[in-house]
Structure formats: structure tokens, C-alpha cells
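Reading through the C-alpha cells given below for one structure.
Note on naming: letters A, B, ... go to the chains in the order of the sequence lines (proteins, then strands), and numbering restarts at 1 for each one. Here the structure is a predicted model, which is why all the values come from computation and not from measurement.
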Protein chains: 2
Amino acid sequence: MSLKHAILVLLETEPGSGYDLLKRFREHMGYFWNASHQQIYQQLKWMHEAGWLALRTEPQQGKPDRKVYELTLAGHDALLDWLAETSKPQKVNDSLLVRLYGGHLREADAIRADIAHHRKLYEQNRAALLSIEQHYLALPETERQRYRFPYLTLRRGILSVQAWLDWADEVDAFLNHQ
Amino acid sequence: MSLKHAILVLLETEPGSGYDLLKRFREHMGYFWNASHQQIYQQLKWMHEAGWLALRTEPQQGKPDRKVYELTLAGHDALLDWLAETSKPQKVNDSLLVRLYGGHLREADAIRADIAHHRKLYEQNRAALLSIEQHYLALPETERQRYRFPYLTLRRGILSVQAWLDWADEVDAFLNHQ
DNA sequence: CAGCCATATGCAACTTTTTGCATAAATAGA
DNA sequence: TCTATTTATGCAAAAAGTTGCATATGGCTG
């Protein structure tokens, strides 16, 4: 839907290569946007051909050239246009919940293991997000001001992960008293 | 990814037509699975051709025939196989948060309006989910037992929507004290 | 009585995402 | 030293999802 626009937002902040974007998605947007490297490279190619991005190639030894992209004026315009649209409600598709919905067809232990597996991932995720938050809160005021919007999205990540873990506690309690 | 399997779960509970499924997705799975009618009809066709579903046509007056699908043995097996797989972490792609991340490029009022618009939808959603919960809690024990797994997914919906609204309060407070 | 919504199904074109493959060197760990 | 991971890019095919269109009736609202 708007991977193109998520890329525009990231490149507007700072130019970078496809690989840079992959890492930024993972590190800074992991709790609200996910993209594979194949998808990112395809979109970058398209966006470059559409004139949204300018390309500068940095030769490297041994490795393929680093292709650094940055917004053109047209890209900036495309971003502003998109930001002005009203966003549609998030479309959720969560297969864990579909599996739980059909829980009467599964062994209780299999469900418990499924939840436990995801719990581990969410706990790791929470630790990572809280550590980014500590880092942010320790910044001087001017820097905090600069990252105020990314910080709001970080808060969303934290509250969202916490809500998942609270729910997992409910599920475990429920499965155990059965 | 697994719309096919979500359909299998719904049809295992009770046979139904494409239109029935559309309503069930909206009413009972809206907080964790979303699908359009086009998508559902396409998948039903595929699943029928693959031998997962048996079809019974109910002629109607004026309206097109109702095509009622139900699981075959092969469909049931496909469902059990899928339920036994370990589910991948949910892939989140939320364009509202991308827009917020780029908030420095937008007017504060536009952001507030965006949040307000979504808040209204989430509040409606919460009211609907809480009303379903009240209905569930009023059921006799045997019925509650029968819907225990769907109820767990409902709880996920409620906690998730509540977490979103709590976050929106934080965002509003933040935007207003700026 | 005109227009919209719910019922009920579907095709076709397009966009987006996933999956599998391919290359190639540096670096870190067992 | 062998192996796995990170860095760095991409093509091609398939699957999944979106958007626009098409049909047809009954009921409700302005």
C-alpha cells in the first residue's frame, strides 16, 4: 500500500541505500512497518524510475556498489500529497488468533507452546523498545524535540507490546484453570 | 497468507455461503482478520477446486443462488495441518504511524484531526466488542465453554483497542502541551 | 418516487507481497 | 579452519490482495 511512502519518510529524514533502509525499518519502524529487502529494492527501482529519488553510486571494494538514494523535488511533493490524505484504518490479519479461534481442534499444550513462543518474541521486543525509550529520554531537550514524532510512534509500540503480553497472561491463566 | 485457513476455521464451526463468511469476518473476526467479498469468493472457488470444500446450491427467488460451502475430509485435514504449524509473528503495517513519524512535515491540526478520526472508529469498535463480551458473559456455562476460544480472541480485540485509545490520549496530551 | 443499503455473486486488471534463487566478500565465533 | 552472520544487491515466478466493474431484487428513508 504505502511502502513507497514509508521509504519517502525515511529518506526525507536522511538519504540512504536499500540496505540502510532495511536496517532502519527493522530498528526504528519494526513495530509499525515491515518490509523485506527484495521489496525495498523493487520499490526503490520503481521510485527512481518515477523520478521520486535521485541516485548516487558509491563504489566499494569487494562488495557491490552502495546505491544511495535521496528525495527529488517530485519525491518531496509525492510525500506531502500522501501525508495530506486521511489514512484508512489499519488492516489487521493475525494468524495466531485464527489458530486460537480454532483452539478446540488443537491440543492445549500446542496452544500453550504457541503462546509461549510468541511471548518470548514480544518480551524481547519490549526490552528493545524500552531501551530505545531510555536512550531518547536521556537526550538533551533540542534533540528530544527533533525526534518527538518518532517518539510518539515508539510509545505506540511499547503500549501495543505491553497489551499483547497482558493478554497472553489472561490466556495462560485461562488455559491453566481449565 | 492464510485467508484460506481462516475460512476453513469459520466453515468448520458452521457451513455457510461467501456472503455469510463476509459477515462473520466483519462481526466475529474483525479485530484480527479482514477480507473483502471479492477475495472471499476467489478463495472459495480455489478451495472448492482443490477439493477442500463441498458445495450445495440453494436456489432463491430474485437473488442469485446461495452457494453453501462446507468442509470435506480433505479440507478438514488441510485445516489440521495448518493448525499444527507454528505461526509467524504478526506483520504490522500501519500507515497512520508512518504519517505520524513524518509529523514534522504536517500541520499540527491535520495530525489532531487524523487521530480524532481514528479515535472515533476505535471507540465504536470498543463499544461493539464490549457488547459482544456482555452477551458472552450472560450465556449459560455450557455455551460459554463452547465459545471459549473465540472469547479469548475477543479479549485480545478489547485489550488491543483499549491500548490504542490509551495511546491516543498520550498523543493528544503531547500535541496540546506543545 | 428516487436513491441508498442489504442481499448475493462474480470477472478482470492491476498492485503488492512472498518465496526462492543468485552473487560475493568481510568478520566473528566454535 | 570451517561455518554462520553481516554487509550489499538484485531477478523471476507465484501468491495474495485491491480496485473497478457488472448484475439483480427487495426494503427503507428522505
Between protein and nucleic acid, restricted to nucleotides 10-14 of chain D and to nitrogen or oxygen atoms under 3.5 Å apart, what atom pairs and distances do you find?
from   : atom 1 : to      : atom 2 : distance (Å)
D:dG10 : OP1    : A:Lys67 : NZ     : 2.1

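A side-chain hydrogen bond (donor to acceptor under 3.5 Å, both in side chains) check over residues 111-122 of chain B, counting only residues at least two apart or in different chains, returns the pairs A:Ser87-B:Asp114, B:Arg106-B:Asp114, B:Asp109-B:Arg112, B:Arg112-B:Asn176, B:Arg119-B:Asp169, B:Arg119-B:Asp172. Within the structure, the salt bridge (charged side-chain N to carboxylate O under 4.0 Å, His left out) test picks out the following pairs touching residues 90-102 of chain A (sequence neighbours left out): A:Arg99-B:Glu85. Identified under the salt bridge (charged side-chain N to carboxylate O under 4.0 Å, His left out) test for residues 11-34 of chain B, with sequence neighbours left out: B:Asp20-B:Arg66. For the salt bridge (charged side-chain N to carboxylate O under 4.0 Å, His left out) condition, the pairs that include at least one residue of residues 151-164 of chain B, sequence neighbours left out, are A:Glu170-B:Arg155, B:Glu133-B:Arg155.
In this structure, B:Ser17 reaches the C:dT9 phosphate: one of its side-chain N or O atoms is under 4.0 Å from OP1 or OP2. Phosphate proximity of D:dA16 to B:Lys4: present, with a side-chain N or O under 4.0 Å from OP1 or OP2. Applying the 4.0 Å criterion to OP1 and OP2 of D:dG17, one finds that A:Lys91 has every side-chain N and O outside that range. Within the structure, every side-chain polar atom (N or O) of A:Tyr19 is placed at least 4.0 Å from both OP1 and OP2 of D:dT9.
Residue B:Leu3 contributes atom CG, which lies 17 Å from atom P of C:dT17 at whole-angstrom precision. Between the C1' atom of C:dT15 and the CH2 atom of A:Trp46 lies a distance of 11 Å, rounded to the nearest Å.
Listed by chain and number, the residues in a side chain to side chain donor-acceptor pair (under 3.5 Å) with B:His37 amount to none (sequence neighbours excluded). Residues satisfying the side chain to side chain donor-acceptor pair (under 3.5 Å) test with A:Gln134, not counting sequence neighbours, are none. In terms of the salt bridge (charged side-chain N to carboxylate O under 4.0 Å, His left out) criterion, A:Glu123 has no residue partners (sequence neighbours excluded).
Defining each end axis of the helix from C:dC1-D:dG30 to C:dA30-D:dT1 as the rotation carrying four pairs' C1' atoms onto the next four, with five pairs an end, the two axes are found to diverge by 50° to 10 degrees.
Within a 6.0 Å radius of CD in B:Glu107, no more than 12 heavy atoms belonging to other residues, nucleotides or ligands are found.
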